[in-house]
Amino acid sequence: MNGAVEGIRLRGLHKRYGATVALAGLDLDIRPGEVLGVAGPNGAGKSTLIRIIAGEERPDGGELAFNGSAWTPSVDWRAVAVVHQEPQLFPNLTIAENVLVGREGTRIGRPWLSGGDAKVMKAFGIDRYANTLLGDCSLATQQRAEIARAVARDAQVFLFDEPNSALTDEESDELFREMHKLAADGRIVLLVTHRLGDLFEHANRVAVIRDGQVRAILEGDALTEDGIAQELVVGRGDETSAKGPAAIGQDRCVLVAIDDWSHSAGAFRAISLEANPGEIIALIGVEGAGARELLRSFGGLESCSGTIEIAGETGDMAQRLTAYVPATRTLSLYSNLSVGENVLARLGEPDIAGFGMALKKRRMRQLANEAIRRFSIRAYAASQGIRSLSGGNQQKVAIAQALNCAPRLLLLEEPTRGVDIHSKREIYRLLRDFVGANNTVIMFCTEVLEVYEAADRAHVVVEGGLSPAITVHDYAHIEALATDIARMQRHGPHDLVNGATRASLP
């Protein structure tokens with residue numbers, strides 16, 4: 001590479017977004033020649049850290065030094081290559097053109113691939129798509145193109161943010177081989193991931209970030225999956241807990257019954273699951289394990305085979321008794337509508353339409369105001385714009401919108417992602433009130449903390465298989481729960497109860 005790299009030194013980094021503190025005096029040294037892993041719960045500040053190093057955000061305070069000099073990413077941006085979880089490429093360009101973006105030079109006609117570019121593309125299995133438009137490729141191919149673009153650049157700093165969430169095992173292996181080659185060449189490599197096994201296998205050190213600060217650096221004998229899992233949840237067990245009854249009685253009727261449930265595209269297979277009224281069930285798994293697709297499938301949003309029964313109804317009729325809230329609030333809410341209009345968006349015609357399909361405006365105001373009070377939505381009026389609310393209150397609007405359909409099964413993806421502690425507590429209360437009315441919640445989680453705080457039982461999803469049930473109330477401390485979940489994730493599908501054979505934890 002060109003020139004010696006001394007590393008990146010971060011001291012006292014602060015970053016605030018309104019009332020939300022993303023970084024609170026973060027200190028970190030990132031050394032050349034190693035893979036530094038970064039772990040942390042959602043909202044810990046990991047993405048903000050990535051954006052600041054990449055020059056996409058400016059810190060409110062603190063110092064950044066690169067190669068012993070003040071770091072100015074706006075000037076030195078070519079030194080940094082970023083691989084995002086969601087590919088940030090150009091769908092109207094070919095794969096080859098995307099790999100070369102920013103390095104086209106002044107040649108006339110199509111950009112020219114060097115021998116090194118072609119070698120990188122072949123390593124990631126995208127050479128045969130060189131002249132294919134990116135928009136016509138699968139998500140996995142798009143992600144490999146972004147990785148290839150980063151690796152092919154003559155950058156000194158490589159930032160990988162959940163880079164293998166859409167990759168196969170073989171593609172992930174190739175990614176890590178390239179990552180280690182970069183480190184061996186003296187580059188700076190930063191890996192942010194929820195996959196504890198990847199951190200243990202491929203990082204020389206792991207920095208654990210909580211609440212905007214580096215709380216621990218794990219290396220040597222201290223760097224284990226269990227060690228990372230426990231550091232992620234230190235001191236977090238009692239902040240927002242909204243536990244229900246200690247257990248669901250075995251004599252309770254079954255509200256949801258799913259049998260031999262398999263995904264048409266192979267994201268999961270042969271899943272069997274029963275859920276009782278009054279239960280909050282968590283499906284926990286890293287991206288790509290199949291948990292998100294499994295949750296969506298219960299609401300009819302993924303093509304599946306098998307049988308599903310909800311409250312005595314089967315098939316399509318059963319899935320009509322569900323309501324789904326995605327992790328990204330913008331997919332549920334209408335940004336150009338008011339709070340009240342969003343709350344009522346899923347109500348049927350008899351509730352809000354009168355003669356000649358004219359809207360019952362007085363009735364709509366009444367229903368909206370009742371929902372705002374019931375769900376503790378902090379808005380000065382139902383007519384207030386949805387975009388003016390905080391993230392936590394927007395999430396409560398999304399949940400209120402779903403519950404207005406009167407579902408028996410509520411499906412939630414990461415229900416408190418990006419919300420403050422007070423909003424978390426209120427959202428968990430809403431969920432507990434809902435299941436208390438003889439209903440069921442199934443939620444997809446990537447955080448052990450959310451499982452511990454809100455769920456009655458949990459199932460770990462690994463490579464499309466479902467683990468035996470974990471009774472959350474049996475755990476007096478979150479650290480023990482985190483350790484058991486990490487062990488289940490480490491075992492893989494052959495030790496899971498659905499999709500393979502039953503096995504107990506060690």
Side-chain angles (χ1 to χ4, degrees), residues 5 7-10 26-42 44-47 49-50 53 83 85 157-165 167 169 172-237 284-289 446-449 452 460 462 477-492 495 505-506:
V5 176
I8 295 176
R9 174 184 167 90
L10 309 173
L26 181 140
D27 298 331
L28 184 62
D29 291 318
I30 311 174
R31 306 167 185 165
E34 69 171 4
V35 176
L36 175 66
V38 176
N42 288 331
K46 305 186 301 295
S47 295
L49 174 64
I50 289 284
I53 296 174
V83 175
Q85 180 178 351
V157 180
F158 289 82
L159 310 175
F160 294 90
D161 189 1
E162 300 284 356
N164 59 331
S165 60
L167 302 184
D169 289 343
S172 292
D173 290 342
E174 181 59 41
L175 166 65
F176 287 117
R177 278 194 291 271
E178 293 296 328
M179 202 178 291
H180 287 296
K181 288 179 185 177
L182 292 169
D185 194 34
R187 318 288 175 122
I188 291 174
V189 179
L190 193 72
L191 170 64
V192 177
T193 182
H194 280 96
R195 298 172 182 253
L196 304 190
D198 287 348
L199 292 172
F200 170 70
E201 291 289 339
H202 299 289
N204 301 94
R205 296 182 299 144
V206 172
V208 179
I209 299 178
R210 300 192 308 272
D211 302 319
Q213 294 183 343
V214 175
R215 302 291 183 171
I217 299 286
L218 303 180
E219 56 186 318
D221 293 340
L223 178 49
T224 64
E225 289 185 53
D226 291 349
I228 301 169
Q230 292 185 19
E231 282 292 342
L232 289 173
V233 297
V234 169
R236 304 298 296 272
I284 184 165
V286 298
E287 291 291 350
T446 58
E447 303 288 348
V448 176
L449 180 61
Y452 186 78
V460 180
V462 183
H477 304 288
I478 189 173
E479 290 83 0
L481 176 63
T483 297
D484 279 357
I485 287 176
R487 288 175 180 170
M488 280 191 171
Q489 290 176 324
R490 187 162 62 239
H491 277 236
D495 293 312
L505 285 174

Separation between NE2 (H194) and CG (L232), nearest 0.5 Å, reads 8.0 Å

Has the side chain of N204 got a donor or acceptor atom that lies under 3.5 Å from a matching backbone atom of V35? yes

ask   = Quick check: does any side chain N or O of Q230 sit under 3.5 Å from a backbone N or O of A482, one acting as donor and the other as acceptor?
value = no

pair I228-L223: side-chain heavy atoms closer than 4.5 Å:
yes

Can you list the steps and then say if Q489 with R195 is a side chain to side chain contact (heavy atoms under 4.5 Å, CB included)? CA-CA 9 Å; Q489 290 176 324; R195 298 172 182 253; over 6 Å; no

What one should report as the nearest heavy-atom pair of L196 and A486 is CD1-CB, 4.3 Å

- [ ] Please tell me if the side chains of L49 and L28 come closer than 4.5 Å, counting only heavy atoms from C-beta onward.
- [x] yes

Scanning both residues in full, the closest heavy-atom pair of L26 with G212 reads CB-O, 3.6 Å

ask   = Stepwise, does the side chain to side chain contact (heavy atoms under 4.5 Å, CB included) test hold for T224 with L218?
value = CA-CA 8 Å; T224 64; L218 303 180; over 6 Å; no

Between A183 and V189 the two heavy atoms that sit nearest each other are N-CG2, 4.0 Å

Rounding to 0.5 Å, atoms CG (L191) and CG (D161) come to a distance of 9.0 Å

For residues 214-228, the salt bridge (charged side-chain N to carboxylate O under 4.0 Å, His left out) pairs (sequence neighbours left out) are E225-R490, D226-R487, D226-R490

Heavy-atom nearest pair, A39 first then V206, reads CB-CG1, 4.2 Å

Using a 4.5 Å cut-off on heavy atoms from C-beta on, say whether the side chain of E231 contacts that of R210. yes

Value for CG (L449) from CD1 (I478), rounded to nearest 0.5 Å, stands at 4.5 Å

Does the pair F160 and D198 meet the rule for a side chain to side chain contact (heavy atoms under 4.5 Å, CB included), with working shown?
CA-CA 12 Å; F160 294 90; D198 287 348; over 6 Å; no

Determine, stepwise, if the pair L10 / I53 fulfils side chain to side chain contact (heavy atoms under 4.5 Å, CB included). CA-CA 9 Å; L10 309 173; I53 296 174; 4.3 Å; yes

Distance col, row E479:CD vs T483:OG1, nearest 0.5 angstrom, shows 8.0 Å

- prompt: Parallel under 30°, tilted from 30 to 60°, perpendicular over 60°: which one fits the rings of H202 and F176?
  reply: parallel

In short, V214 meets D27 closest at the heavy-atom pair CG2-O, 3.3 Å

The single option from V157, L36, L159 that satisfies side-chain contact (heavy atoms from CB on, under 4.5 Å) with I30 is L36

What one should report as the nearest heavy-atom pair of I217 and A207 is CD1-CB, 3.5 Å

When rounded to the nearest 0.5 Å, the distance separating CG of L190 from CD of E34 is 9.5 Å

